[in-house]
There are 2 protein chains.
Amino acid sequence: MWKSSRPLYKQVANRIREDIVSNGTEGGEAIPTEAKLAQMYDVSRVTVRRAVKLLAEEGLVYSVHGSGTYVSEKKIEHDIYKLQGFTEEMSGLHNNPSNEILEFQLTSPDDAVRDYLKLRDDQKVYYVKRLRIADGQPLILEESYLPYDLFPDLSVNVMKESKYEYIEQKGYMINRRHADLRPILPSGELMELLHLEESAPMLCLEAYSTLSDGTPFEYSTVYYHPVKYTFKFVSEK
Amino acid sequence: MWKSSRPLYKQVANRIREDIVSNGTEGGEAIPTEAKLAQMYDVSRVTVRRAVKLLAEEGLVYSVHGSGTYVSEKKIEHDIYKLQGFTEEMSGLHNNPSNEILEFQLTSPDDAVRDYLKLRDDQKVYYVKRLRIADGQPLILEESYLPYDLFPDLSVNVMKESKYEYIEQKGYMINRRHADLRPILPSGELMELLHLEESAPMLCLEAYSTLSDGTPFEYSTVYYHPVKYTFKFVSEK
DNA sequence: TTACAATACAACTTTAATACAAATTTTAAA
DNA sequence: TTTAAAATTTGTATTAAAGTTGTATTGTAA
């Protein structure tokens with residue numbers, strides 16, 4: 001039944017792969033348990049495990065201890081840390097980046113922000129307004145609101161560096177970022193800060209981010225330089 | 001030929017999601033209580049809670065302690081990571097979608113289009129200009145170029161229905177879409193077609209799509225109604 | 001020696017069942 | 001109208017059983 005020319009676990013891996021495709025198993029769906037696979041292909045569970053491990057290393061499936069083995073979702077590799085770095089890279093302008101902190105204050109949030117961050121009335125937030133600069137040119141204006149209770153030791157120096165790096169160093173697990181992208185016409189202040197000559201339409205991103213337990217930890221509005229930034233992205237089915 | 005299924009709580013989440021859509025539950029309306037959902041789907045309340053938590057993380061619903069779980073207010077959102085056609089998107093929102101074909105002709109592409117679609121000089125393309133309408137309101141203007149060689153039997157009727165459905169019915173596998181999103185001010189023609197009163201900035205998407213073998217099969221420019229359409233990212237870590 | 005099989009057990013997840021706490025909404029009483 | 005109690009609903013915790021993956025050990029055949 002089994003050729004001995006190739007390692008058995010590789011043959012099994014190939015059969016599992018074929019079956020996943022031919023059955024049209026969708027992303028997120030579970031494949032049979034290791035015990036069942038062993039029975040189906042008439043091999044030992046050890047061999048099945050080696051085969052599954054191969055497929056997992058390929059990225060086709062992933063195993064969850066105690067739960068099962070699932071077919072991977074075909075997702076865009078989107079690094080939440082680098083949404084801004086992503087666009088900078090696209091424009092080829094990631095030279096000598098820096099952050100200029102325009103405002104940094106502890107304040108009471110307005111209702112909209114309080115709502116997004118799910119805060120009680122007495123909770124305060126940091127309001128940070130910073131200009132992101134590359135090659136001496138202002139490219140991005142960012143306004144962020146961060147709950148004081150989550151980041152009691154937030155400082156200007158932190159915001160000059162990587163915000164997300166700081167958050168993860170504190171042991172928080174970043175989970176999702178919900179963002180809305182919309183076109184706007186720049187205000188006078190915005191034109192001044194980004195050194196805009198003409199009032200060309202530009203992109204504005206409104207986002208709130210959550211930790212793995214669902215707690216919102218940031219609400220931010222980001223304004224992108226109209227000429228130097230277009231959003232490029234690749235979506236896969 | 002195996003039974004493969006998602007975890008129970010994911011199935012429940014999907015059923016709840018479907019029921020919200022099929023029942024036409026409006027934003028702000030409550031969904032059944034966890035106890036009722038558990039009874040309806042014949043699962044435990046724990047499972048229902050996990051499912052609801054999933055939907056809450058997605059942003060579809062939100063729960064209020066002691067009160068209930070409610071459907072989030074929703075604009076028409078365009079999830080750009082889901083490579084989804086307009087028809088499918090709208091049918092998910094039960095908005096009675098339709099397409100009005102403004103132009104349909106076989107022509108020789110200009111150099112830019114020929115370059116994107118990797119065509120020889122003698123190859124021709126369909127040029128289709130269509131207005132996409134939901135609930136009687138024009139929402140999207142799309143200009144597409146499709147190679148004649150790939151779709152020799154393309155017709156106006158096809159373009160009145162779902163383009164991507166047609167492509168997949170022909171046995172092609174859609175793979176990627178490379179897109180570039182940028183803000184513009186609408187032209188006079190655009191304002192007229194989309195029934196815009198004021199010259200508000202709007203979004204324009206330029207994209208080319210490829211099949212799984214890498215063949216480009218479409219180049220298109222899409223203009224989105226500025227008020228009714230927002231672009232939504234959900235990035236996960 | 002190496003690859004595979006067989007077995008046993010550990011660690012973890014899922015689901016269920018139950019009880020109670022906390023917040024909101026409804027109802028009833030004053 | 002105001003206040004207080006009751007009912008409803010979501011949030012949290014615990015326990016338990018069954019199922020699945022992870023790990024280790026030993027045996028077997030080429």
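Each chain gets a letter, A, B and so on, in the order the sequences are listed, and its residues count up from 1.
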Do the side-chain N or O atoms of [X] get closer than 4.0 angstrom to the phosphate oxygens (OP1, OP2) of [N]?
| X | N | answer |
| --- | --- | --- |
| B:S67 | C:dT25 | yes |
| A:T69 | D:dT20 | no |
| B:T33 | D:dT8 | no |
| B:T47 | C:dA16 | yes |

Specify the separation, in whole Å, of atom [atom1] of [X] and atom [atom2] of [N].
| X | N | atom1 | atom2 | value |
| --- | --- | --- | --- | --- |
| B:R50 | D:dT12 | CZ | P | 15 Å |
| A:L54 | C:dA3 | CG | P | 13 Å |
| B:R49 | D:dT10 | CZ | C1' | 6 Å |
| A:L55 | D:dT21 | CG | C1' | 15 Å |
| A:Y62 | D:dT21 | OH | C1' | 14 Å |
| B:K53 | C:dT14 | NZ | P | 11 Å |
| A:L8 | C:dT2 | CG | C1' | 14 Å |
| B:E34 | C:dT24 | CD | P | 16 Å |

Tell me what [X] touches on the nucleic acid: a base, only sugar-phosphate, or nothing, going by heavy atoms under 4.0 Å.
| X | value |
| --- | --- |
| A:V64 | sugar-phosphate |
| A:V52 | nothing |
| A:S44 | base |

Return yes when atom CE of B:M173 has more than 12 non-hydrogen atoms of other residues, nucleotides or ligands closer than 6.0 Å, and no otherwise. no
State whether the number of non-hydrogen atoms from other residues, nucleotides or ligands found under 6.0 Å of A:E103 atom CD is greater than 12. yes
Parallel, tilted or perpendicular: which fits the ring planes of A:Y208 and A:Y116, with parallel below 30° and perpendicular above 60°? tilted
If you check the [X] side chain, which of [options] turns out closest?
| X | options | answer |
| --- | --- | --- |
| B:S63 | C:dT14, D:dG11, C:dC4 | D:dG11 |
| B:R45 | C:dA17, D:dG22, D:dT12 | D:dT12 |
| B:H65 | C:dA5, D:dG11, C:dT15 | D:dG11 |

Mind running salt bridge (Lys or Arg N to Asp or Glu O under 4.0 Å) on B:K10 and A:E29 for me, showing each step along the way? CA-CA 10 Å; B:K10 285 190 180 178; A:E29 275 187 85; over 6 Å; no
Lys/Arg-Asp/Glu bridge criterion (N-O < 4.0 Å) met for A:D153, A:K170: yes
